[in-house]
Colleague: 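Please find one structure pasted underneath; my questions will follow.
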Amino acid sequence: MSDHAVESMLDTTLEKIKHMVDANSVVGQPITTPDGTTIIPISKISYGFGSGGSDLPGKDPKTLFGAGVGGGVTVTPVAFLSVCKGEIKMIQVEPFISSVDRVIEKMPDVMDKVGGFLDRKKEERAAKKAEKKAEKETAKDDLSL
């Protein structure tokens with residue numbers, strides 16, 4: 001009988017934890033702001049449980065059984081995804097766990113800066129090329145006079 005009671009308590013505990021924690025706990029329901037920005041919360045979930053029981057010696061085994069089951073759940077927000085006009089940004093809440101997390105989080109900014117730098121260099125080269133062409137035209141006109 002005691003094995004059945006502990007099993008029943010474990011099943012009940014696990015069932016309750018399942019109800020508390022589902023996919024919507026990790027990736028939350030999207031929230032849309034009046035300006036059209038959609039914010040999606042992302043969370044980290046930790047849970048644990050334990051159980052134990054014992055048959056105590058005595059004359060009536062049905063009344064000399066003790067058991068206990070316990071569990072807990074922690075939901076910690078870690079980030080928000082912001083979607084605005086097709087642009088997606090991740091806003092991290094938790095401190096960075098590793099340098100890899102930091103690199104991943106900063107990658108869009110780095111790519112924007114590198115792209116801007118390359119665009120400026122391209123514009124500078126085009127301006128220098130146009131300037132040289134104009135100088136050649138001026139020199140050509142001076143020779144023809």
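Worth knowing before you read on, the calculation uses all heavy atoms, side chains too, and leaves out hydrogens, waters and symmetry mates.
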Colleague: So, using side chain to side chain contact (heavy atoms under 4.5 Å, CB included) as the criterion, who are the partners of Ile40 when residues are at least two apart?
Modeller: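 Partners of Ile40 under the side chain to side chain contact (heavy atoms under 4.5 Å, CB included) test: Val27, Pro30, Thr38, Ile42, Leu81.
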Colleague: Is there a path of hydrophobic side-chain contacts, each under 4.5 Å between heavy atoms of I, L, V, M, F, W or Y residues, that connects Val78 with Val75?
Modeller: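 Yes, Val78 connects to Val75 through the hydrophobic network.
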Colleague: Can you name the closest pair of heavy atoms from Ala79 and Met90 and give their distance?
Modeller: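 The answer is CB-CG, 4.1 Å.
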Colleague: Going by side chain to side chain donor-acceptor pair (under 3.5 Å), name the residues that satisfy it together with Thr32, two or more places apart in sequence or in a different chain.
Modeller: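 Counting only residues at least two positions away or on another chain, Thr32 forms no side chain to side chain donor-acceptor pair (under 3.5 Å).
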Colleague: Please collect all side-chain hydrogen bond (donor to acceptor under 3.5 Å, both in side chains) contacts where either partner lies in residues 78-88, sequence neighbours excluded, each pair once.
Modeller: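 Those involving residues 78-88 do not exist here.
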Colleague: Testing the basics here: between Ser43 and Pro77, what is the closest heavy-atom pair and its distance to 0.1 Å?
Modeller: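 Heavy atoms only, the tightest pair is OG-CA, 3.8 Å.
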